[in-house]
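Take a look at the structure set out below.
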Amino acid sequence: MQEFDKISIAEISKKDMLMIIEALEYTGKNTNIDSFLKLRNNIIKELSELADSTEDEFIQYLKK
């Protein structure tokens with residue numbers, strides 16, 4: 001098995017990415033484990049920067 005430090009998300013659909021983000025938010029809020037919310041926020045921050053948009057604009061884009 002090859003080892004790697006990063007995983008590309010180039011092939012994840014908008015629908016699946018939205019589901020991942022919503023799952024992280026749901027889990028973080030319902031377990032009170034802050035790491036889930038931090039991961040959600042980091043993903044949104046990084047992807048919105050790549051898309052040259054605000055975080056809110058990016059979430060709205062995923063929901064379309």
Side-chain angles (χ1 to χ4, degrees):
M1 177 177 182
Q2 272 188 310
E3 293 186 26
F4 47 88
D5 292 329
K6 294 186 179 192
I7 299 172
S8 173
I9 59 166
E11 298 300 319
I12 296 177
S13 70
K14 286 175 25 177
K15 179 181 173 186
D16 289 346
M17 181 53 66
L18 181 60
M19 187 183 310
I20 291 167
I21 288 169
E22 289 176 341
L24 288 169
E25 182 175 16
Y26 176 86
T27 304
K29 287 181 177 180
N30 288 289
T31 63
N32 293 321
I33 299 173
D34 196 44
S35 298
F36 289 103
L37 295 173
K38 286 180 182 177
L39 178 57
R40 174 205 177 271
N41 293 339
N42 287 340
I43 290 171
I44 293 171
K45 179 183 177 192
E46 291 293 326
L47 292 175
S48 65
E49 287 176 5
L50 286 172
D52 197 26
S53 67
T54 67
E55 293 177 14
D56 289 334
E57 289 172 336
F58 185 75
I59 293 295
Q60 292 307 311
Y61 166 75
L62 292 177
K63 290 181 178 181
K64 288 183 186 178

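We number each residue from 1, following the sequence as shown. Heavy-atom basis, side chains included; hydrogens, waters and symmetry copies ignored.
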Q) Considering residues at least two apart in sequence or located in another chain, which fulfil the side-chain contact (heavy atoms from CB on, under 4.5 Å) criterion with Ile43? A) Met17, Ile21, Leu24, Leu39, Leu47
Q. If two hydrophobic side chains count as joined below 4.5 Å and joins carry through other members, does Ile33 share a cluster with Ile20?
A. yes
Q) How would you list, by chain and number, every residue that makes a side chain to side chain donor-acceptor pair (under 3.5 Å) with Lys29, sequence neighbours excluded? A) Glu25
Q | Residues in side-chain contact (heavy atoms from CB on, under 4.5 Å) contact with Tyr61, at least two apart in sequence or another chain | A | Lys14, Phe58
(Q) Under the rule for salt bridge (charged side-chain N to carboxylate O under 4.0 Å, His left out), what residues qualify as partners of Asp34, not counting sequence neighbours? (A) Lys38
Q: Could you list the residues that satisfy side chain to side chain donor-acceptor pair (under 3.5 Å) with Asp16, not counting sequence neighbours?
A: Ser13
Q.
Give me the atom names and distance for the closest heavy-atom approach of Ser48 to Thr54.
A. CB-O, 3.7 Å
Q. Can you list every pair that meets salt bridge (Lys or Arg N to Asp or Glu O under 4.0 Å) and has a residue in residues 55-64, with sequence neighbours left out?
A. none
